[in-house]
Amino acid sequence: MAEDLIRYDLLVQDALRGVVRKVLTDAAREGLSGEHHFYISFRTEAPGVRMSQRLREKYPQDMTIVLQHQFWDLGVTEHSFEVGLSFSGVPERLLIPFDALSGFFDPSVQFGLKFDLNEGAEGEQAEETQPSAPAKTGPRGAGSEPAEIKPKSTGLATVQNGPKIVPALPASGKAKTDNKPEDGSEAKPEAAEKTDRDGTAEVVSLDAFRKKN
């Protein structure tokens, strides 16, 4: 097979991050629609993430926030979003680059995305190991308690070298997320649990676009 010089895999990940950007932009402008709410996972150690030292010490690698009942001042730019949340009664302000996202899930319609954060790092490492080229002479409102990501089945496939899409299920699969733990443990949407039990969510793989290593 010919070498993928276009890098379709990276283009697909950028496009899917654009989906998250569009959804958050609409939420910032018009509020959350209907029963929609979002579980957003990200790498706290990723470049550009801005959060308090208290949160960084508590969640040194991964963190999941929920945008549902209580959040404020949601702002979205081309490369990142910023939001106010309350953690154990303490208001915090987080700035999260879209490149730091590891997952996005809307339990109300059973739609989720997972992102491979190793792709960019591998690309940078490959560039560093390449020999230098010869020189040329002569261009809705606060917060949701976060949770550390732990390996468990959530109805979303674990991403290996690329994003996976979990398509929407019928409206009967809506999640109820009123009962959230307040001890900082990861909240798992009931809709995701229902998907685990029924096994009805179909995962569409995009590995066909991947560069073969």
Quiz prompt | Side chain proximity check, P97 to H79, heavy atoms < 4.5 angstrom | solution = no

Quiz item: Does a side-chain heavy-atom distance below 4.5 Å link D99 with R17?
Solution: yes

Quiz item: Which heavy-atom pair separates P91 from W72 by the least distance, and what is that distance?
Solution: CB-CZ2, 3.9 Å

Quiz item: Judged by atom type as modelled, is there a donor-acceptor pair below 3.5 Å linking the side chain of R93 to the main-chain atoms of D73?
Solution: yes

Quiz item: Minimum heavy-atom separation for T25 to R21, with atom names?
Solution: OG1-O, 2.7 Å

Quiz prompt | ILVMFWY cluster, F38 and L95 together (side-chain gap under 4.5 Å) | solution = no

Practice problem: Output yes when a side-chain donor or acceptor of T44 lies under 3.5 Å from a complementary backbone atom of Q61, and no otherwise. | Solution: yes

Quiz item: Looking at CZ of R29 and CG of L74, how far apart are the two atoms once the value is rounded to the nearest 0.5 Å?
Solution: 11.0 Å

Exercise. Kindly give the heavy-atom pair with the smallest separation between D116 and Q13, and that separation in Å.
Key: N-OE1, 3.3 Å

Quiz prompt | Pair L24-V83, side-chain contact (heavy atoms from CB on, under 4.5 Å): steps then yes or no | solution = CA-CA 10 Å; L24 294 182; V83 66; over 6 Å; no

Self-check item: Any I65 side-chain heavy atom under 4.5 Å of I96 side chain
Solution: yes

Quiz item: Do the non-hydrogen side-chain atoms of Q110 and F105 ever get within less than 4.5 Å of each other?
Solution: yes

Exercise. Treating Ile, Leu, Val, Met, Phe, Trp and Tyr as nodes and any side-chain heavy-atom pair under 4.5 angstrom as an edge, say whether I40 and V49 lie in one connected cluster.
Key: yes

Quiz item: Under a 4.5 Å cut-off applied to non-hydrogen side-chain atoms, are S52 and F87 in contact?
Solution: no

Quiz item: Are more than 12 heavy atoms from other residues, nucleotides or ligands located less than 6.0 Å from atom CD of E78?
Solution: no

Quiz item: With a 4.5 Å limit on heavy-atom distance, are the side chains of L16 and F104 in contact?
Solution: no

Practice problem: Could you tell me whether the side chain of L85 reaches within less than 4.5 Å of the side chain of E92, counting heavy atoms only? | Solution: no

Quiz item: Do L94 and M63 have side-chain heavy atoms sitting under 4.5 Å apart?
Solution: yes

Quiz item: What's the spacing between S88 OG and K58 NZ if we round to 0.5 Å?
Solution: 5.0 Å

Quiz item: Stepwise, does the side-chain contact (heavy atoms from CB on, under 4.5 Å) test hold for F111 with V23?
Solution: CA-CA 12 Å; F111 176 82; V23 168; over 6 Å; no

Quiz prompt | Criterion side-chain contact (heavy atoms from CB on, under 4.5 Å) on I6 and D4, from CA distance to verdict | solution = CA-CA 6 Å; I6 295 177; D4 179 10; 3.7 Å; yes

Quiz item: Between atom CG of D106 and atom CD of Q68, what is the distance when rounded to the nearest 0.5 Å?
Solution: 10.0 Å

Practice problem: First locate atom CG of D14, then atom CZ of F98, and finally report the distance between them rounded to the nearest 0.5 Å. | Solution: 12.0 Å

Quiz prompt | Atom pair CZ/OH of R43 and Y59 - distance to nearest 0.5 Å | solution = 15.5 Å

